[in-house]
Structures are given as structure tokens and as C-alpha cells.
There are 2 protein chains.
Amino acid sequence: MKISAGVEWALHCCVALSGIDRPVPAAKMAEMTDVSASYLAKQLQALSRAGLVTSVQGKAGGYVLTRAPEKISVLDVVLAIEGPTPMFECTEIRQRGPVGAPPEECRESCPIARAMLAGEQAWRSALREVSIHDIGTEMAGNISRERMAAMLNWIRPAR
Amino acid sequence: MKISAGVEWALHCCVALSGIDRPVPAAKMAEMTDVSASYLAKQLQALSRAGLVTSVQGKAGGYVLTRAPEKISVLDVVLAIEGPTPMFECTEIRQRGPVGAPPEECRESCPIARAMLAGEQAWRSALREVSIHDIGTEMAGNISRERMAAMLNWIRPAR
DNA sequence: CCGACTCGGACATTTTGTATCCGTGTTCAC
DNA sequence: GTGAACACGGATACAAAATGTCCGAGTCGG
């Protein structure tokens, strides 16, 4: 039930990318977030496989968002890192054991699975409502304008 | 992000207990669900520590629910097994690194943490709405009356 | 054409979840 | 009262997954 730490890193990286119009190398983002560069690279690869970012190789390379930050939800990032498999998987316990129900009485899905699925869908809906752009806007509102400019300038790689 | 298998077992056990007015030994529930008896015992201990069930020792002992099944939500069981810690924990990345924000600009909680928290609260609310009694009723509606009676009779220990 | 910088996947390490065992205490039967 | 069987409880191995690290392939800029 615990969410991997990479999700938090990936979200911060996406927010940073949303403010820069040039490729940002993974090493820079690792320094920014102060986490292991090698492991952060793994998470960025996952984002790339999920199609959220694209990688530019070579000397001035790095990562770039593939679409506008308004079009990337928090859920997208979470699923890219954690994988799309649902958190609860029914093993059909009701059909097992000496008093298991026969298949013809199990046409409806198990009520337990239904309840857990409803919970997960509520969770996904809430995360789908928030975009990377929203996060960036809220963050910008909390800090001074000068600091924001300084941050972006530090992140932006020299051309 | 994955939910432990023990949650599903514990939910089935609670539903079974809600239909029996006598202590049910852990071994019986293990046979019913066809899972490892020793490991299921561990989950039942967690339910006991959380105060959802109480254990009766001795020859005709076993486990009994501590309150009416209407008063036990699916969320109660999930938290008892998985632990009460939230699935997302903010590590204040925004304050770290060379361009970290100073504490005085971080009076509001991080927008990323807020979004993840909102998602988890939506999930918890959905699971809180469903009780063990609800699950039992739905299950009874799916199978024939005779099979239900046979199941309860098989589970009920001889006095 | 060369050099330097980038990503990408293959390889260790640590933590968490899974599974099992035997000891301790209690109850029932005689 | 006594004994023995039964049930829970925690301490102990095993396995899988998350975490962390490394070096090689590919690509762009000069």
C-alpha cells in the first residue's frame, strides 16, 4: 500500500521540466532534488517508456515533456512509475476450500473486490483532477517572484 | 502501491465471523480460504491488536468480532493489516538542493503532498462507506439459501 | 572527424512482505 | 485436582521487490 519514493521525485522533475523550454539532463535534476543520480535516471526512463517525456541524446541533451503540462495529470506520473496494475487483485477465495462456491454462483464479481475497486477508482479520479501545471502554479504562488526566476535560471542549461 | 494479500484474507475472515456467534479457530478459517494457516494466524493477530476481533483461548477457543459487523468498515480492516501510515510521505524535496526554498516560504504544505493526500482521503472515504455487514449481505444475495446454510454450518465449530 | 556528453539497460544491496515453526497459556474432561 | 489437548502469540527463516550503483552504446557539437 505504500507508494514508492520515486513517485515524489518524478513529480518534482515534471514540474521543473514544465518551466523550461530546453532539454534538462538527469544529472541536473538529481542535483536539484538532492537524490541519487543513478536511481533518479531509472525513474526518468520509466517516464520515457510511458510516453510522458522524451529523451534527447548528445551533448546538449536531456529530457523534455512530450505535451503541455496542463495535459499531464498526477495520475499519469504515478502510474508511469508504479505501473498500471491495480493495487488489489481478487484471488477468488470464495471459490476455494471445502465450502467454495461453484462458478455458476459467481457471475457477479466478489463484493470485496468491488469495494476495493471502488476505492481505487475514487483515488484515481482525485489524482486525475490535478495536473502538473496546477502544481507548478501553486508552487509559484508560494514563493517570491525573484526566487522563482533564480530557480528556473539555475535549472536551465547553458546553451 | 500494491495491497498485501493478507488484506483479502482478513476481509473474508471477518465476513465469515460475522455469520457465526461462537469463536472460530484460525485453523478453520485457513482451511476455508485455502491459505497458509501459519501466515493467516499472523494477520488475525494484527486484527486482534487493532481491536477488531478478540481471541478466546483454550479448547473451544478462536476469534470473535468485538462489535457488530455494521460497525466495522472495510477501511478498518485494511488499516489493521497494512498499518495506519499514509501511503505517500513528503520528504520536502522543495527545501533541498542548491536552489531549495527557505523554510519561511514553505508555510503551506507542498502542493504535491496535498494532491496525494487528497487522493488518499478519497480512497479512505470510499472504503469507509462499506461495512462487513454490507459485504456479507451482498454475498448472501448471490448464492442459494441452502449453500449459505451449509457454509455456515461447516464453519460453525461443534460445541 | 573527434571528443565529450547523454541516455539506456545490466548488475549489487537493502528493505519489505511472505511463510513457518515452536513455546506459553487456557480450557475442558475425567 | 489433575492431565492432556487445544488455541493463540511471538521469535525465526525464506523470497520477492524496491532501492541504489555501475559501465557501455549512441548522439550531438565543435
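First the proteins, then the strands, lettered A, B, ... as listed; each starts at 1. The analysis underlying the following values was restricted to heavy atoms, covering all of them including side chains, and did not include hydrogens, waters or symmetry mates.
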Phosphate OP1/OP2 of [N]: any [X] side-chain N/O under 4.0 Å:
X	N	value
Q45(B)	dG10(D)	yes
R49(B)	dG9(D)	no
S48(A)	dC7(C)	no

#### Entry: Test log, rule side-chain hydrogen bond (donor to acceptor under 3.5 Å, both in side chains), inputs S73(B) and E129(B)
CA-CA 7 Å; S73(B) 70; E129(B) 291 305 309; over 6 Å; no
### Task
Evaluate the side chain to side chain contact (heavy atoms under 4.5 Å, CB included) criterion for residues L11(A) and I135(A): first the C-alpha distance (whole Å), next the side-chain angles of each, then the deciding distance (0.1 Å), finally the verdict.
CA-CA 9 Å; L11(A) 284 168; I135(A) 304 270; over 6 Å; no
How long is the line joining [atom1] of [X] and [atom2] of [N], in whole Å?
X	N	atom1	atom2	result
K2(A)	dA18(D)	NZ	P	12 Å
I3(B)	dA16(D)	CD1	P	21 Å
K28(A)	dT6(C)	NZ	P	10 Å
Y39(A)	dC7(C)	OH	C1'	18 Å
Q57(B)	dA5(D)	CD	C1'	13 Å
E8(B)	dG17(C)	CD	P	17 Å
Q43(A)	dC7(C)	CD	P	14 Å
W9(A)	dG20(D)	CH2	C1'	8 Å

Under 4.0 Å, counting only non-hydrogen atoms across every strand here, what does [X] touch: a base, just sugar-phosphate, or nothing?
X	result
A37(B)	nothing
A41(A)	nothing
A27(A)	nothing
G62(B)	sugar-phosphate
K42(A)	base

Among [options], which nucleotide sits nearest the side chain of [X]?
X	options	result
S55(A)	dC7(C), dA18(D), dC8(D)	dC7(C)
P25(B)	dG8(C), dG9(D), dA7(D)	dA7(D)
K59(B)	dC28(C), dG8(C), dC7(C)	dC28(C)
S36(B)	dG10(D), dT6(C), dA19(C)	dA19(C)

### Query
Taking for each residue the nucleotide of DNA chain D bearing the nearest heavy atom, is the 5' side occupied by M1(B) or by L40(A)?
M1(B)
### Query
Hey, which of these two, S38(A) or L44(B), hits DNA chain D nearer its 5' end, going by closest nucleotide?
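That would be L44(B).
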#### Entry: Heavy-atom pair with the smallest gap, counting every atom of M139(A) and I112(B)
CE-CD1, 4.1 Å
### Message
Minimum heavy-atom separation for A46(A) and A80(A), please, with both atom names.
### Response
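Closest approach of A46(A) to A80(A), heavy atoms only: CB-O, 3.9 Å.
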### Message
As a quick check of understanding, evaluate side-chain hydrogen bond (donor to acceptor under 3.5 Å, both in side chains) for D134(A) and T137(A), giving each step before the final call.
### Response
CA-CA 5 Å; D134(A) 297 334; T137(A) 303; 5.6 Å; no
#### Entry: Under 3.5 Å: donor-acceptor pair, side chain of R94(A), backbone of G100(A)
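Looks like no, no N/O pair under 3.5 Å.
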